[in-house]
Amino acid sequence: MTEHKDLASIGVVGLAVMGSNLARNFARNGQTVAVYNRSPEKTRALVEEFCSEGNFIPSESVEDFVASLERPRKAIIMVQAGTATDAVIDQLCDAMDDGDIIIDGGNALYTDTIRREREVAARGKHFVGAGISGGEEGALNGPSIMPGGPAESWETLGPILESVAAVVDGTPCVTHIGPNGAGHFVKMVHNGIEYADMQVIGEAYQLLRYGAGMTPKEISEVFTEWNSGDLDSYLIDITAEVLALEDAESGKPLIDLIVDEAGQKGTGRWTAIEGLQLGVPITAIAESVFARVLSSATAQRQAAQEEQLPSGEVAAGISQLGIDKKAFVEDVRRALYAAKLIAYSQGFDEIKAGSDEHNWDVDPRDLATIWRGGCIIRAKFLNRIRDAYDTNPALPALILDPYFKNELAELIDPWRRVIVSATQLGLPVPVFASALAYYDGLRAERLPAALIQGQRDYFGAHTFKRVDKPGTFHVEWSGARTISSL
Ligand code: ATR
């Protein structure tokens, strides 16, 4: 085993894009970083290319890597999520001592994190599942970090993570989220919200492009303008850039050359599944996952085109509907804002439900704070969310905060108009529309759930409650139809 005079304060295992960039970020911020990758070429390449950025201690075996860390040892795993993570944890546990800390910085399913923490704790070490958002650029220049695991580990780990996280108004975008799987759960929902945020932007683009007949360049300018108002965010900013780019070879807008099948790595799907399991209506997030899935149903989409599924009477553009372009653009902006608000409100509901279920005590203010910088959903709007939970930490739903309620009063009419127009144009707006259905559902004095209870009692004797008296009731549907109290 190699002896090291200077030990590393932190180690990174897995030196693909995210791992390398995170290791460089640590080095640039004055940490001595131990680096190890299963294939040693990547380790050598990293150190060769970036040794001028700071202190790296490269190793070509897990044992050497562990020996190069100061105690308590802290190693961040940045390998492919799944079995690779388990394999690396096992190797690290073998080589490490009691009290050392293993951090999983990948996108692990939080239930795996809970299991891994239990297993690692049984072997005397600490395990921290940490969500890291910001993509390659964030990993290098400052991500938003969501660590779970024992509070004790945070004491040791906190200052090191704070040294590399993004900083907004002097506050680092990292905090201890809660025990065991809390960090990865919150990262999962963050990604679910990201899916919805991207989809509502996509729906706005679709309406402006194929409803208002605007060019990608014109729409890019609209997004740039939107980025200076309530919608100011990283995603709106990059959207403007994507839409502005022309393919040098063909001279066409790049957007028209990109195959319209959206990929996914699964965190949005997990958020939707978990929402269903916890009984939280995360409709905007689920619809955004379905929208990606539909886009990738290539064979069915092709068949639907070939078979010319009937559209009914649809307008070719907003002028046929007598709608002014400028007014439409502003309506679409407001509809986007409203649907986005619903997506965030639902995401925060899911985090609360998960936190209650697992006794994590996650503070929504922390999330609004650490998501303001570094991560993909970073936006000015998160300051408003933080204010909302500051004013009332027990807010029943984000949209019930007085500020957001006032905003919705301004958004609701344009939001309805846009959905009507989208229907008349035959353009799909699944998140705009389902978010409004959720909103109207929440507001409704009476829901058809009463009828569903009646049906359930009819075919399954599932009983029902009454609005006018306490107790549980059942109707003898097959007989005299008398209503009895049970
Ligand atoms: P990216 O950051 O590009 O998204 P990834 O696909 O999530 O990367 O993870 C790739 C990393 O996981 C690589 O460092 C890979 O090691 P190799 O360079 O040796 O392929 C690492 N990895 C994958 N399976 C592994 C395993 N079973 N044991 C150790 N490392 C593994």
Side-chain angles (χ1 to χ4, degrees), residues 8 10-28 33-50 53 56-69 73-96 100 102-110 112-113 115-116 119-120 123 125 127-147 161 164-166 183-184 187-188 190-191 194-195 262-270 374-376:
I10 186 92
V12 179
V13 182
L15 302 174
V17 183
M18 289 292 285
S20 303
N21 282 3
L22 192 65
R24 288 174 59 199
N25 188 350
F26 280 120
R28 287 169 168 197
V33 197
V35 285
Y36 167 75
N37 191 70
R38 179 181 60 177
S39 322
E41 312 83 70
K42 279 205 185 107
T43 317
R44 287 178 212 142
L46 171 74
V47 176
E48 200 168 304
E49 196 174 347
F50 301 108
E53 294 188 335
F56 295 95
I57 305 179
S59 293
E60 299 203 356
S61 75
V62 172
E63 292 72 21
D64 277 351
F65 168 77
V66 168
S68 71
L69 291 164
R73 300 185 180 98
K74 295 165 281 297
I76 305 192
I77 303 175
M78 297 296 291
V79 303
Q80 219 164 23
T83 52
T85 308
D86 283 309
V88 174
I89 290 172
D90 189 48
Q91 291 163 3
L92 287 173
C93 272
D94 281 346
M96 282 177 151
D100 288 348
I102 299 172
I103 305 111
D104 174 17
N107 266 332
L109 183 60
Y110 81 98
D112 283 340
T113 303
R115 167 183 60 80
R116 287 173 180 143
E119 289 168 1
V120 171
R123 295 171 76 171
K125 283 93 189 163
F127 184 76
V128 173
I132 302 182
S133 176
E136 308 177 29
E137 196 265 335
L140 184 62
N141 297 317
S144 174
I145 312 178
M146 295 150 249
L161 296 182
V164 290
H184 274 141
K187 173 62 173 26
M188 171 188 79
H190 162 285
N191 283 24
E194 179 184 312
Y195 274 52
Q264 55 175 319
K265 281 194 167 174
T267 43
R269 187 168 52 220
W270 291 344
C375 65
I376 306 294

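Every number for a ligand or one of its atoms is a count from 1 in the order of the listing.
What sits closest to atom 4 (O) of ligand 1 on the protein, heavy atoms only, is Lys265 NZ, 4.2 Å. Closest to atom 28 (N) of ligand 1 among all protein heavy atoms lies Arg38 CD, 3.8 Å. Looking only at heavy atoms of the protein, atom 7 (O) of ligand 1 is closest to Gln80 CA, 3.5 Å. Atom 19 (O) of ligand 1 has as its closest protein heavy atom Ser39 OG, 2.4 Å. Counting protein heavy atoms only, atom 18 (O) of ligand 1 is closest to Lys42 NZ, 2.5 Å. In this structure, atom 3 (O) of ligand 1 lies nearest to the protein heavy atom Ala16 CB, 3.5 Å.
In the vicinity of Asn37, heavy-atom distances shorter than 4.0 Å reach the ligand 1 atoms 13 (C), 14 (O), 16 (O), 17 (P), 18 (O), 19 (O). Taking every heavy atom of Gly14 and a limit of under 4.0 angstrom, the matching atoms of ligand 1 come to 14 (O). For ligand 1, the atoms closer than 4.0 angstrom to any heavy atom of Leu15 are 14 (O).
With respect to Arg123 and Asp100, no salt bridge is recorded, no charged nitrogen being found less than 4.0 Å from a carboxylate O.
Summarising the local packing, CD of Gln264 is surrounded by more than 12 heavy atoms from other residues, nucleotides or ligands at distances under 6.0 Å.
Screening Leu140, Asn141, Val35 for a side chain to side chain contact (heavy atoms under 4.5 Å, CB included) with Arg24, the sole residue that qualifies is Leu140.
Residue contacts with ligand 1, taken as heavy atom pairs separated by less than 4.0 Å, involve Val88 solely via side-chain atoms from C-beta onward.
For the pair Cys93 and Val120, the minimum side-chain heavy-atom distance is below 4.5 Å.
Rounding to the nearest 0.5 Å gives a distance of 8.5 Å between CG of Asp112 and OG1 of Thr85.
For the pair Met18 and ligand 1, the shortest N or O to N or O distance falls below 3.5 Å.
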